[in-house]
Amino acid sequence: MKSGILDKQYEPHDVEKRWYRFWEENRLFEAGEESAGGDYSIVIPPPNVTGVLHMGHALNNTLQDILCRYRRLRGDNVLWMPGTDHAGIATQNVVEKQLAGEGLDRHQLGREKFIEAVWKWRKEYGSAIIHQLKSLGASCDWKRERFTMDEGLSTAVRKVFVQLYNENLIYRSNYIINWCHRCHTALADLEVEHEIHDGYLYHIRYPFADGSESVVVATTRPETMLGDTAVAVHPEDDRYCDIGSKTLILPLVNREIPIIKDKYVDKLFGTGALKVTPAHDTNDFEIGVRHQLPSIKVIGDDGKMTSEAGRYVGLDRFACREAVIEALKKEGVLEKIEPHKHSIGHCYRCKTLIEPNLSKQWFVKTKPLAEKAISAVKEGDTRIVPDMWTKTYFEWMDNIKDWCISRQIWWGHQIPAWTCQKCEEMIVAMDRPKTCSSCGGDDLVQETDVLDTWFSSALWPFSTMGWPEETPLLKVFYPTSVLVTGFDILFFWVARMMMMGLHFMKEVPFKDVYVHALVRDENGKKMSKSTGNVIDPITVIEKYGTDAFRFTLAAFAAQGRDVKMSEKRVDGYRHFVNKLWNAARFSLMHIDEDVEQPDLDRLSLSDKWILSSLSRTANTVAKALDAYRFNDAAETLYQFVWHEFCDWYLEMIKPTLYGNRGSDIKKSTVNVLWYVLRETLIMLHPFIPFITEEIWHQMPGTEGSVMKAAFPVDGSGDVSIFSDDGAESEMEVITEIISGIRNIRGEMGLSPTLSFDVTVQTNDEAKAKVLQQHQDIILNLAKLNAFSVKRQVKRPKGAATAVIGSATIFASLEGIIDFAKEAARFEKEIGKLTHELVVLSNKLNNEDFLKKAPAHVVERVKEKHTILVEKDQKLRTNLSRIKEAQA
RNA sequence: AGGCACGUAGCUCAGGGGGAGAGCGCUACCCUGACACGGUAGAAGUCACGAGUUCAAAUCUCGUCGUGCCUACCA
């Protein structure tokens, strides 16, 4: 397999499949159950079992994979726990749709048969997203894959439910909740999405019972008036201060309702009189509780009017609105209708209009749980990165409301509560009790509701590790090292995991939470099916390769900013992947089997320089990854590979590799080349795992998988021994001169094939020595005939010049040089310089600056000033000479 | 209504008190024996605006404008 010449272009597809299989077959993703010094764990945010991979998943899992692969390279025992969640409502919807295709609905099937059908669906289609994660390269410990409806996780759910119930942290109550008529279930507040809609404000006149006068109320939902049980006014509203204990007659219904006083009412809104419908409005419900008002439910759970709605019974809620408006008009009590913008809740699953509805539901009392979750973050037990999300977290936690956890669907964890049919005693237990604990009866009926999917997700960090059993996994890997997630589920999931983790494990579920951004389209718009701007990650992978895609995601994953994704960008990073491929291709043409670690004593300047740069890169990348700065890490590597390794190092060593410098030098250079390439592959591996593994296996002197290598900042692989500031600054002297010469070439419009002589004048002995010693590099990369360095130079006839710091380049171009162009170049440069000099002089003439600025800053400004003055003089001298020559 | 971000080159964005940066795009030249998915060079910015703090502000503070997002019970 080794030492074959690589193809000219990297072709990712076969490579990716091959190596993924290799990793799995060699069990390289598996975590050890025994602590191995460094233990590192991440639980995957479980995607919906019905899900297909979207950009959000791709970013989320790429970042996790980068961290996991990186930590493995750093020598850690890594557990990346994968799995999916059962997505109650979503999955039920999918299967119901499937049944509908067969002309069935779930009620015809019955609960048991329906659940069977869901499991069957799960078996057939439920692992689609897992396969997609694999094609993304995700290195999860797949043998441990979990599902929130698994037996173990279900046991955890029941255990948690029972304990919370016994601790009075779960209760059942008749309460106003968000009702989705399409999904036919209650939703938690969080599951309601608010949108501003254009609606109308209807002003309706309610007459006093004694016929004396009337009060006008305003509403956006006139049909709810059928359920009104009071009208409220502000206690300090002058308009209504003396209406005493009068009552009103509710139009259409002719029910007598009281006028109550409550501070909730806004005097400035509408007429200052608020109709109160406790059964169909959250605030009205609370007012109702304060004033002991009856609640009359006029809209049923099916979206149709109840018998309480009198003559409107059976009418659809929307049709009823129209009918009520007509009737009010007819009775002459509809004062006016005005346009009104207001926000309306929609179901986050199906976008149906949500109706606040009075209903008996199960709730988690969140306040006591939230307190612990707040202090854990305050104490720093869990750190949220970037920090700005900490505030959002507190904001929500401080104002947390009880969590409605019951859902009126079938797919999910059925609530472990049984009611005795005989004495109505309710028993909450892990398993079905044989007999009623109160009366001994054996006719027990289980609660039909299931739990919110997030209830089981909240347990994910420990339920996946085997809780409530005391497993080795929990011992080694809980708390997890970091949770990587999007901010959109900060409350849904992160906050709830914090509460449950602290309550049941007595420890935070994760030490860090890294909150990444959302992936948007190239215009910054949220990707959505309806807008049609969705980019499918799988399509991108097929077109550009997984590595290019992953690198793009990492490079754009700057903290606190959304990722704007477009294929064009992926294409750009595909070029980078291909560049690496070709650098390897070139390198492997020259690397033979008996390579070894570079010998520090035999290195050329180029070698020392690239090794030092490698060392710097390794440190920067490690630091960036440790701080979740993925884009910094990616860009550092990009810069190193392309602009240091390829642009300079490979070009510098070509003459050596082609044998022009002797075989000894070649041998040590090849060792360096091999070593740098190898270490670079290791550093790149977390980002672009496939191509790095492929090249790794083509390289001599590597063993097994690159996954098992050591990141070049640790132990025996530590490259910091090669750190060499001297070599780096010497190289800078050389590259500056080369760029200066190339600049002359470019500016003068000279052919790249034209060779000429260059003399450099400088008074800086050290610099002169460096240039002299390494003139072979300059001759080669600047394409010169001859190169020399002198203290004094008699300006060659017809020379083009450039000033680089304290050195002046003279390029002999007699007969070729265009003096007008040359003069223009100098004038432009002098212009720039003059401006810079003014700025510097101003500083140095400012006594406050000299007095108050730190010494090193003053020193640097002085130095720079000196250099620029010198340069300025040289440029001016040269310019005047050019003008003389022209004249 | 409140909160949180953001506004830097044509585009996408890093940076975050003392030298305005990258990638893409653009211009010129070049198929030089890894790569045209390439090379070399170049042009391009009032760091949104206005004040303040400071010896020094793109960077810190306040305000203004603009843009996103989140939370919320104005019927």
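The figures here come from the full heavy-atom set of this structure, side chains too, leaving out hydrogens, waters and symmetry mates. So that the names make sense, note that chain A is the first sequence line, chain B the second, and so on, each numbered from 1.
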Using the [atom1] atom as the point on both nucleotides, what is the distance between [M] and [N], in whole Å?
N     : M     : atom1 : answer
B:A48 : B:G16 : P     : 16 Å
B:A20 : B:A58 : P     : 10 Å
B:C49 : B:U40 : P     : 35 Å
B:U8  : B:A1  : P     : 27 Å

Any side-chain N or O of [X] less than 4.0 Å from the OP1 or OP2 oxygen of [N]?
X      : N     : result
A:N743 : B:U40 : no
A:K654 : B:A34 : yes
A:H575 : B:C35 : no
A:K263 : B:C73 : no
A:K391 : B:C4  : yes
A:W642 : B:G39 : yes
A:K828 : B:A43 : yes
A:K401 : B:A72 : no

Backbone of A:I691 reached by a side-chain donor or acceptor of A:D547 within 3.5 Å: yes

Distance-only, no hydrogens or angles: does the A:R496 side chain make a donor-acceptor pair with backbone N or O of A:F492 under 3.5 Å?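 At least one qualifying donor-acceptor pair exists.
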
Separation of [N] [atom2] from [X] [atom1] (nearest whole Å):
X      : N     : atom1 : atom2 : answer
A:K579 : B:A36 : NZ    : P     : 10 Å
A:E395 : B:A5  : CD    : C1'   : 14 Å
A:M388 : B:U71 : CE    : P     : 15 Å
A:K843 : B:G18 : NZ    : P     : 9 Å
A:D284 : B:C74 : CG    : P     : 12 Å
A:I738 : B:A41 : CD1   : P     : 10 Å
A:E635 : B:U12 : CD    : P     : 16 Å
A:F285 : B:C73 : CZ    : C1'   : 14 Å

Indicate whether any N or O donor in one side chain lies under 3.5 Å from an N or O acceptor in the other, for A:Y348 and A:E191. yes

Is the closest side-chain donor-acceptor distance between A:E11 and A:H13 under 3.5 Å? yes

Would you kindly check whether a donor in the side chain of A:K8 faces an acceptor in the base of B:A36, or vice versa, at under 3.5 angstrom? no

No-H, no-angle donor-acceptor pair, A:Q9 side chain to B:A36 base, under 3.5 Å: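 Between B:A36 and A:Q9, which were checked side chain against base, a qualifying N/O pair under 3.5 Å is absent.
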
Any side-chain heavy atom of A:V513 sitting closer than 4.5 Å to one from A:W389?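 Answer no - side chains too far apart.
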
Base, sugar-phosphate alone, or nothing: which one does [X] contact when heavy atoms must sit under 4.0 Å apart?
X      : value
A:H856 : nothing
A:H194 : nothing
A:E847 : nothing
A:V858 : nothing
A:A853 : base
A:F556 : sugar-phosphate
A:K275 : nothing
A:Y573 : nothing
A:N578 : base
A:R629 : sugar-phosphate
A:R745 : nothing
A:L518 : nothing
A:D488 : nothing
A:R742 : sugar-phosphate

Nucleotide opposite [N] in a Watson-Crick or G-U pair, distances under 3.5 Å:
N     : result
B:C69 : B:G3
B:C62 : B:G50
B:C35 : none
B:G19 : none
B:U27 : B:A41

Around atom OH of A:Y628, are there more than 12 heavy atoms of other residues, nucleotides or ligands at under 6.0 Å? yes

Tell me which of A:R569 and A:R520 sits closer to the 5' end of RNA chain B, going by the nucleotide each one is nearest to.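 Result: A:R569.
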
Which is more 5' along RNA chain B, the nucleotide nearest A:V861 or the one nearest A:L201? Just name the residue. A:V861

From [options], nucleotide with atom closest to [X] side chain:
X      : options             : result
A:N846 : B:G23, B:C69, B:C55 : B:C55
A:A558 : B:A75, B:G18, B:A14 : B:A14
A:D266 : B:C74, B:A14, B:U71 : B:C74

State yes or no: are the ring centers of A:F687 and A:F576 separated by less than 6.0 Å? no

Do A:Y638 and A:Y573 have their ring centres less than 6.0 Å from each other?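 A:Y638 vs A:Y573: aromatic centres under 6.0 Å.
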
What pair of heavy atoms forms the shortest contact from A:W581 to A:Q9, and how long is it?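 For A:W581 versus A:Q9, the nearest heavy atoms are NE1-C, 3.7 Å.
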
